[in-house]
Protein chains: 2
Amino acid sequence: MKTATAAAAPQQAPAPAPRPGLRERKKQRTRDALLRAALELFITRGYEQTTVDDIARAVGVSQRTFFRYFPGKEEVAFAMQDMVEAHFMTSLRARPADEPPLEALRRAVLDCWDSVREAVASIAPLELYLRMFRTIESTPVLLATHLRRSMEKEEHIAAVLAEREGLDVDADPRPRLVVAAFGGVLRVTGRLWSTGEDLTLEGLRALTVRYLDQVGTALAGSWRTPDPPDRAGAPAGRADA
Amino acid sequence: MKTATAAAAPQQAPAPAPRPGLRERKKQRTRDALLRAALELFITRGYEQTTVDDIARAVGVSQRTFFRYFPGKEEVAFAMQDMVEAHFMTSLRARPADEPPLEALRRAVLDCWDSVREAVASIAPLELYLRMFRTIESTPVLLATHLRRSMEKEEHIAAVLAEREGLDVDADPRPRLVVAAFGGVLRVTGRLWSTGEDLTLEGLRALTVRYLDQVGTALAGSWRTPDPPDRAGAPAGRADA
DNA sequence: AGGCTAATGTCAGTCGCTGACATGAGACAA
DNA sequence: TTGTCTCATGTCAGCGACTGACATTAGCCT
């Protein structure tokens with residue numbers, strides 16, 4: 001029962017007073033159990049085929065209790081995504097201020113992919129995250145929500161970029177424009193990866209590098225060359241410039 | 001079955017047999033009434049504040065009947081969007097084959113905006129469309145669905161572009177990449193327009209022109225100039241190249 | 001130990017949506 | 001016209017995601 005571990009707040013608990021509190025631990029355990037059970041069910045049985053009652057029953061609590069821990073069924077599905085996105089924002093802010101915006105974005109994503117494993121480890125193994133990602137991409141209603149969340153995130157990113165460059169997001173559209181274009185490419189990357197057969201993190205990273213490198217040439221004039229022959233980690237030229 | 005079901009479809013009815021059919025007309029009228037009533041309610045009262053029962057009651061039919069005409073509450077909200085998107089695809093296909101991909105996309109959107117009024121007129125006045133667009137952008141669940149639909153549409157567009165250039169969409173990522181980047185910019189445009197105070201079609205068109213012209217410079221290196229001073233229809237330089 | 005509060009369970013109700021069944025209003029032939 | 005025949009509609013029952021209200025219970029504090 002003791003098991004210590006204390007805080008371990010999964011989300012963003014400001015933890016004003018480090019009170020292990022016997023009661024708190026129980027809540028934390030329940031939340032974790034619900035989260036884990038839900039993800040497991042979503043991945044194996046499918047999101048739509050999983051009812052909230054199923055999740056609650058798997059943990060041994062009432063449906064009402066589930067809704068006291070999560071605002072809705074969807075939120076559980078995005079719990080890990082939340083962490084990774086927060087992690088990305090940290091990576092982005094850590095970029096040196098002299099990097100051009102697009103380059104900063106590029107590096108931040110790659111850094112992020114390189115350290116997702118550790119970022120997610122507190123909740124579940126990396127594989128669970130990757131599988132859930134695929135589930136999201138293949139479940140229409142989740143995909144829709146995912147896109148809206150991405151859009152909101154992009155707004156946030158644009159703000160960071162604008163600050164880096166000392167611009168006003170509302171006066172200069174460029175931050176939002178780059179982020180939107182960049183986000184679009186990432187979306188394609190994620191989609192292609194999730195429908196492919198290589199479900200490893202390395203595969204995703206390689207695809208990201210490849211597509212980010214190609215977007216520059218893709219935007220230019222007309223395409224007459226067959227398909228730029230490069231594959232993996234070749235640090236080829238970046239977007240136009 | 002007889003009657004060939006034929007007509008019914010208000011959207012793209014090839015109308016194989018011009019049979020007025022007394023019964024058919026009634027169905028058509030009901031569908032129109034439901035659509036109009038729904039849009040009216042969504043716009044005035046808000047999407048979430050409008051129940052399907054409200055819509056059905058406003059038309060004088062049962063809730064069950066509503067669901068016999070529309071697969072769900074959301075579909076009604078996107079009925080006009082469907083028409084406009086189909087219209088865009090037509091515009092795109094009408095573009096001369098020698099235009100570079102990005103330019104074709106650009107012209108297609110602008111052509112589309114120039115003729116939306118006529119395209120939508122068969123269902124409702126333009127204003128209703130614009131207002132519904134804003135409602136979609138400001139209603140989280142609708143926005144999410146809208147983004148997913150856009151993504152699906154982009155897949156379609158990428159296919160058209162690939163065909164224009166004689167490429168294989170699955171072998172060459174460039175079609176999907178340009179479309180994604182382009183779509184991202186349009187998304188920003190739509191969002192900015194819908195949150196601004198100028199809800200005219202002209203305003204939307206102007207914004208589109210402006211942002212499409214800026215995305216090229218925005219992607220390049222770092223931004224040190226304050227905010228490229230151009231405004232409306234200036235046919236400025238395209239994306240880099 | 002006893003009281004206070006917070007976590008949980010139970011119940012009822014709303015809303016989107018669906019299958020099943022009965023009925024009535026058009027289409028069509030005799 | 002009459003009589004089928006079918007197709008649109010209404011009614012009813014039920015599921016699943018939620019939510020508010022109330023009762024119960026378990027941790028916390030003195």
Side-chain angles (χ1 to χ4, degrees), chain A residues 1-3 6 13 17-34 37-38 41-42 45-78 139-142 144-145, chain B residues 1-10 17-35 37-38 41-42 45-78 139-142 144-145:
Chain A
M1 290 302 209
K2 297 281 202 69
T3 67
R19 302 175 49 189
L22 205 155
R23 207 188 203 142
E24 295 302 315
R25 268 185 288 145
K26 213 169 175 181
K27 282 212 308 180
Q28 197 56 45
R29 259 193 301 132
T30 306
R31 207 197 118 96
D32 280 9
L34 282 170
L41 287 170
F42 289 166
R45 193 185 311 179
Y47 178 78
E48 322 240 47
Q49 284 64 49
T50 305
T51 75
V52 175
D53 281 307
D54 289 337
I55 305 170
R57 209 174 312 118
V59 178
V61 297
S62 72
Q63 191 212 50
R64 197 65 180 83
T65 293
F66 172 90
F67 286 111
R68 287 205 177 91
Y69 280 95
F70 299 95
K73 193 182 164 189
E74 287 198 339
E75 273 72 9
V76 199
F78 291 104
T139 307
V141 49
L142 288 184
T145 299
Chain B
M1 309 312 187
K2 295 221 308 247
T3 69
T5 64
R19 302 182 50 187
L22 204 156
R23 207 184 201 146
E24 296 302 315
R25 268 185 288 145
K26 212 167 176 182
K27 283 211 309 183
Q28 196 56 45
R29 260 192 300 132
T30 307
R31 207 197 120 97
D32 280 9
L34 282 170
L35 183 50
L41 286 169
F42 290 165
R45 194 186 309 179
Y47 178 78
E48 322 240 45
Q49 284 63 52
T50 304
T51 75
V52 175
D53 281 308
D54 289 336
I55 304 171
R57 210 175 310 120
V59 178
V61 296
S62 72
Q63 190 213 49
R64 196 65 180 82
T65 293
F66 172 91
F67 285 110
R68 288 206 176 91
Y69 281 95
F70 299 95
K73 192 182 165 190
E74 285 198 341
E75 273 72 8
V76 199
F78 290 104
T139 307
V141 51
L142 287 186
T145 298

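First the proteins, then the strands, lettered A, B, ... as listed; each starts at 1. Only this structure's heavy atoms are used, side chains among them; waters, hydrogens and symmetry mates stay out. Keep in mind it's a predicted model, so treat the numbers as computed, not measured.
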Worksheet entry | Distance, rounded to the nearest Å, where B:R45 contributes CZ and C:dC15 contributes C1' | 14 Å
Practice prompt. For A:Q63 and D:dT19, give me the distance from atom CD to atom P, rounded to whole Å.
Written response: 10 Å
Worksheet, complete the sentence: Here the distance between atom C1' of C:dT14 and atom CD of B:E48, to the nearest Å, is 14 Å
Discussion item. Ignoring hydrogens, what is the shortest heavy-atom contact between A:F70 and A:R31? Give both atom names and the distance.
Written reply: CE2-NH1, 3.6 Å
Practice prompt. Report yes if some heavy atom in the side chain of B:E48 is under 4.5 Å from a heavy atom in the side chain of B:V141; otherwise report no.
Written response: yes
Worksheet item: Has the side chain of A:R68 got a donor or acceptor atom sitting under 3.5 Å from an opposite partner on the base of C:dG9?
Response: yes
Worksheet item: Distance check: side-chain N/O of B:K26 vs OP1/OP2 of C:dG26, anything under 4.0 Å?
Response: yes
Item to complete: Could you check which of C:dG26, C:dT18, D:dG10 has an atom nearest any side-chain atom of B:S62?
Response: D:dG10
Worksheet, complete the sentence: From CD1 of A:I55 across to P of D:dG16 the rounded distance in Å is 13 Å
Worksheet item: For the pair made of CZ in B:F67 and P in D:dT11, what is the distance, rounded to whole Å?
Response: 16 Å
Fill in: Whole angstrom value for the distance that separates C1' of C:dG9 from NZ of A:K27
17 Å
Fill in: Between C1' of C:dC28 and CD of B:E24, the distance in whole Å
15 Å
Response to the item:
All heavy atoms of A:D54 vs all of A:Q49, minimum pair found to be OD2-O, 3.9 Å
Item to complete: Select from A:G72 and B:G60 the residue whose nearest nucleotide in DNA chain D is closer to the 5' end of that strand.
Response: B:G60
Item to complete: Check whether any side-chain heavy atom of B:V76 lies under 4.5 Å from a side-chain heavy atom of B:F66, and answer yes or no.
Response: yes
Fill in: Spacing of A:R57 atom CZ relative to C:dT10 atom P, expressed in whole Å
13 Å
Discussion item. Determine whether a donor-acceptor pair (one donor, one acceptor, N or O, separation below 3.5 Å) exists between the side chain of A:R23 and the base of C:dT5.
Written reply: yes
Worksheet entry | D:dG20 base / A:R64 side chain donor-acceptor hit below 3.5 Å | yes
Item to complete: Quick one: pull up OG1 in A:T51 and CZ in A:R45 and give me the separation to the nearest 0.5 Å.
Response: 7.5 Å
Worksheet item: What nucleotide among D:dA17, D:dT9, C:dC17 has an atom nearest to a side-chain atom of B:T30?
Response: D:dT9
Discussion item. Categorize B:Y69 for me: base, sugar-phosphate, or nothing, with a 4.0 angstrom heavy-atom threshold over every strand shown.
Written reply: sugar-phosphate
